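In what follows, a structure is listed as structure tokens, so that the remarks can point back to it.
Just so we're on the same page: letters track the sequence lines, and every chain starts at 1. Here the structure is a predicted model, which means the values were calculated and not measured.
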Amino acid sequence: MKPYTPQEIEEKWQEKWEKSRLFNVKEDPQKPKYYCLEMFPYPSGRIHMGHVRNYSIGDVVARYKRMRGFNVLHPMGWDSFGLPAENAAIKHGVHPAKWTEENIAFMKKQLKRLGFSYDWDREISTCEPEYYRWEQKIFIEMLEKGLAYKKKAPVNWCERCHTVLANEQVIGGKCWRCGEEVVIKDLEQWFFRITAYAEELLEGLKKLKGKWPERVLTMQENWIGKSEGAEIEFEVEGLNEKIRVFTTRPDTVYGITFMSVAPEHPIVEKLIKNHPEYEKVKQEIERLKKQPKSARLMESFEKEGIFTGSYCINPFTQERVPIFVANFVLYEYGTGAVMAVPAHDQRDFEFAKKYNLPIKVVIQPEGKSLNPEEMEEAYEGEGILVNSGPFTGMKNEEAKKAIIKYMEEKGFGKGAVSYRLKDWLISRQRYWGAPIPVVYCPECGIVPVPESELPVTLPKNAPFSGVGNPLEQVEEFVKARCPKCGKEAKRETDTMDTFVESSWYFFRFCSPKYDKGPFKKEEADYWMPVDQYIGGIEHAVLHLLYSRFYTRVLRDLGYTELDEPFDALLTQGMVIKDGAKMSKSLGNVVDPDDMIEKYGADTVRLFLLFAAPPERDLDWSDQGIDGCFRFLNRLWRFIQKHIDEVKEAKGDFEPDKLSDGAKELVKKTHKLIQKVTADIEDRFHFNTAIAAVMEYLNFLYDVESRLELNSEEDKKALRDAFEKLALLLSPFVPHFADEIWEALGNEGFTLEQPWPQHNPEWVKEKETTVVIQVNGKVRSRIQVPVNLPEEELKNIALNDERIKKWIEGKNIVKVIVVPNKIVNIVVR
RNA sequence: GCCCGGGUGGCGGAACUGGUAGACGCAGGGGACUUAAAAUCCCCUGGGGUCAAUCCCCGUGCGGGUUCGAGUCCCGCCCCGGGCACCA
């Protein structure tokens, strides 16, 4: 018997697939399209198990949809700008471009060895000028629309990566990439105005409900952080200045007893100007400013403040309100100033206690009476307004509206919305990224590079010393002519955040070679949106939010009509070994290449799909993969054993002429088709689909002896079973499937075959097991014909031998009959 | 603190809208084949009732509840993972 030799088989089919251009697609208006996309990798050097899992899941989806008759776009490429390449240059003296290219070549080989159904003709690499020139063009268009802009602002700086970071890229006060503590610097930087889309991005989440994982939606919702309230202006006494505050509690304005502003707030200088101890106060404020942001963001961090010496006027009460500078007030959020109502805000309460400021109750909860002297914490709940002028007696929710209306009439305040989301800081002080296409002219200021001069390419000869941005040191690069006036100008040396490339690559896959724009509209109109996107949860906010934003920008620039780039999202779990994420430092890394060498790609893929449902973390198990290998071998042997008998038995069998065993076989086969199809289609539960095939194989060994394999009809039935099996397995273990397909004497590839359909007649059961319970406990099981009427079921149950002893001498209170399932006899 | 997940045998995991808990795989045990081993094939395997059973009891993190019936629904807790967090 021919043994199962995955190495040989897999290489053979990979060659055949490539030669026949099996995976190459183009637009076809006759067919429904399906865009299946997995997050493309950063070419770090080697594929790891997480990639293999991600791409195996995607490949099942792509191949399955293809067999279901869809025109499937399934591309792959490289997110190839990024720091590791540059760090390799600094450390080993190899140019980032070379390092990247070599990694891509190696990893591409690895992916090919796994047999994924990618259309490699569409491969893109984001570090190529052919790619990033379009990003530069879009940047300029964004600049013209005011969606890209430069401003001086306090920004996150990573000392180890030597560059600034966007907010989303700071995880718990640390750099997302290297874990270094982030410091705040005041720098002039480029931003994308993502906040202009805050409301739309939030609204859009609603449409994704049910198609994206709940937790991703919540994370984005939290990140955008919308809060509704009001903005109020307070006149500063003795100054011709106003302080604006944002509050979610306009209903508490009568309880304001002081005001807090951020140390960074520009008005601070004016507020303290006339303070008798100006120098001392100034120093104190400087001290607060210098407190590290990561510490200041901690809730446990001590709340500190200092009186500025100035007062403002509460427009509702005309009371004088002292103004403090406080370390807990964030300049970046809201208006950088807060009205303090200690009776109804815990943080203000603590501050008031510390500095002995008055506490004024303006909301009384129902049935209780708050007394400022006795309060141990702020009351932040609902209630009735007291001491609140004309608003006294109102329910606080009602009062919010009334007070906003009043302010709007009087003109010192209005209803307002605030977001936690901040603009996306996209400039990076690094070499290996897309250059930001502007020049600085002493006469004309910031001038965009004209489209005809794009792309602005990276100079090859930059020095990688590890100090500063290499681009600054390349004179030919920095030296430029102003496109407007022709005078000598300085080129921008910042490059773009690499998340910009990954924010639109899915569009580029639709027309990867297009040289007249980022992508061809008709092609993108055909393929987009991505029907199924698959990747890690770590991009819940970062990449997935940026892409949603960028798609809307492209829409507003006229490139597409689409709002949302990804229709459905699947976030797969991590691959774990011994309870921890695989990592070099823990020494628990399993290398895909080793596994492929030992078992073949099909087994590796099968195990990753079988060991857990896709969204859950997966425990790598050496015995587990062994089991999958055994399964394939076992199946292989069974088929090989009968291949000569069934090979020629082509054509339909006559059901009536089948042996009982063969009838059973056909029935089971159709049930399997039904099960596997449902598991893939409805829930992507590949693990249970594979389990069903394993079960089916166990059945094959069982039914084997009951088949009459000298009968032509039985042979046909078995052959049919093998064919169906090959097709059902094709998305999971494509090489194996094609090998069997061929061994059965068929032409072509399983991928080109239509997905098998179950025949409802064969799936119908004649008999079924009904459980008989007494008081909810299973006491007996009976075999009965399907759809037996309730009355009959009831009688059979009541007369069942095993049931008698449970109901003898008892009162039958009632009998519940669920046809085909259960009879429950309630006795007392 | 708030918001999402999740908690089922020795392990990974099944159980669709409440209706046979533990599919499938791993690990373990027994048997067949073999001079022997590996491989393979067959059987057993949640805990307990001193053997067995087509017998009985218990059992899906804990405590209550709804229901003829709860892993599944409701209320209150505990634990694990993740996100947000001085956001005004």
Show the distances under 3.5 angstrom between N or O atoms of the protein and N or O atoms of nucleotides 55-57 of chain B.
unit_1	atom_1	unit_2	atom_2	d
B:C57	OP1	A:R779	NH2	3.2
B:C57	OP2	A:R779	NH1	3.0

Answer yes or no: is there a donor N or O on one side and an acceptor on the other, between the side chain of [X] and the main chain of [Y], under 3.5 Å?
X	Y	answer
A:N799	A:N795	yes
A:R53	A:P614	yes
A:N811	A:R828	no
A:E790	A:P819	no
A:S780	A:I803	no
A:D617	A:M574	yes
A:W636	A:K2	yes

Pairing of RNA chain B as dot-bracket, 5' to 3': ( ) intra-strand, [ ] crossing, | other strand, . unpaired, with Watson-Crick or G-U pairs under 3.5 Å? (((((((..(((......[....))).(((((.......))))).((((.....))))..(((((..]....))))))))))))....
Given the [atom1] atoms of [N] and [M], what is the spacing between them in whole Å?
N	M	atom1	answer
B:G13	B:A88	P	39 Å
B:G65	B:G1	P	28 Å
B:G59	B:U8	C1'	10 Å
B:A15	B:G9	C1'	15 Å
B:C56	B:U67	P	27 Å
B:A27	B:U40	P	10 Å
B:C73	B:U66	C1'	8 Å
B:U45	B:G25	C1'	14 Å

Specify the separation, in whole Å, of atom [atom1] of [X] and atom [atom2] of [N].
X	N	atom1	atom2	result
A:N698	B:A23	CG	P	12 Å
A:L217	B:G82	CG	C1'	15 Å
A:Y701	B:C42	OH	C1'	12 Å
A:E214	B:G6	CD	P	11 Å
A:I576	B:C80	CD1	C1'	13 Å
A:K226	B:C84	NZ	C1'	18 Å
A:E380	B:G1	CD	C1'	11 Å
A:L697	B:U40	CG	C1'	13 Å

A:R347/A:E350 ion pair, N-O < 4.0 Å: no
Report yes if at least one side-chain N or O of A:R634 is closer than 4.0 Å to OP1 or OP2 of B:C24; otherwise report no.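 No, outside the criterion.
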Does a nitrogen or oxygen in the side chain of A:R215 sit under 4.0 Å from OP1 or OP2 of B:G81?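 It does not, given that no N or O in the side chain of A:R215 lies less than 4.0 Å from OP1 or OP2 of B:G81.
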Do the two ring centres, one from [X] and one from [Y], sit under 6.0 Å apart?
X	Y	result
A:F258	A:Y355	no
A:F631	A:F610	no
A:Y599	A:F607	no

Test ring-ring contact (aromatic ring centres under 6.0 Å, His included) applied to A:F412 and A:F316, step by step: CA-CA 10 Å; A:F412 58 82; A:F316 288 88; 5.2 Å; yes
More than 12 foreign heavy atoms under 6.0 Å from NZ of A:K667: is that the case here? yes
More than 12 heavy atoms of other residues, nucleotides or ligands under 6.0 Å from CZ of A:R634: yes or no? yes
Indicate syn or anti for B:G30, taking the glycosidic torsion and treating anything within 90° of 0 as syn.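 Anti, since the glycosidic angle lies more than 90° from 0.
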Closest nucleotide of RNA chain B for A:I822 versus for A:G624: which of these residues is on the 5' side? A:I822
Closest-nucleotide mapping onto RNA chain B: is A:M219 or A:N633 further toward the 5' terminus? I mean the 5' end.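 Here A:N633 is the residue nearer the 5' end.
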Hydrogens and angles aside, do A:Q783 and A:T769 bring a side-chain donor and acceptor to less than 3.5 Å of each other?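 The criterion, which ignores hydrogens and geometry beyond distance, is satisfied for A:T769 and A:Q783.
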Sugar-phosphate only, base, or nothing, as touched by [X] at under 4.0 Å among non-hydrogen atoms:
X	result
A:G225	nothing
A:D626	nothing
A:S621	nothing

Of the candidates B:C24, B:A88, B:C86, the side chain of A:K303 sits closest to B:C86
Options B:U40, B:G19, B:C26, nucleotide nearest the side-chain atoms of A:Q623: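 Out of B:U40, B:G19, B:C26, the nucleotide with an atom closest to A:Q623's side chain is B:C26.
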Pick out the pairs of N or O atoms, protein on one side and nucleotides 68-70 of chain B on the other, that lie under 3.5 Å.
unit_1	atom_1	unit_2	atom_2	d
B:C68	OP1	A:K814	NZ	3.2
B:C68	O2'	A:N824	ND2	3.1
B:C68	O2	A:N824	ND2	2.5

Distances under 3.5 Å between nitrogen or oxygen atoms of protein and nucleotides 28-34 of chain B:
none

Going by the angle between their ring planes, with limits at 30° and 60°, are [X] and [Y] parallel, tilted or perpendicular?
X	Y	value
A:H344	A:Y379	perpendicular
A:F499	A:W176	tilted
A:F629	A:Y4	tilted

Where A:T768 and A:V786 come nearest, the two heavy atoms and their spacing: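 Here A:T768 and A:V786 meet closest at CG2-CA, 4.3 Å.
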Please encode protein proximity along nucleotides 11-18 of chain B as a string of B, S and -, counting only heavy-atom distances under 4.0 Å. -BSSS---
Does anything in residues 335-352 of chain A come within less than 4.0 Å of RNA chain B? Heavy atoms only, and list the residues if so. A:V338, A:R347
I need the A:M1 CE to A:I643 CD1 distance, nearest 0.5 Å.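 Here the rounded value is 10.5 Å.
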Cation-pi geometry met for A:R605 and A:F736 (6.0 Å, 45°):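 That pair does not qualify as a cation-pi contact.
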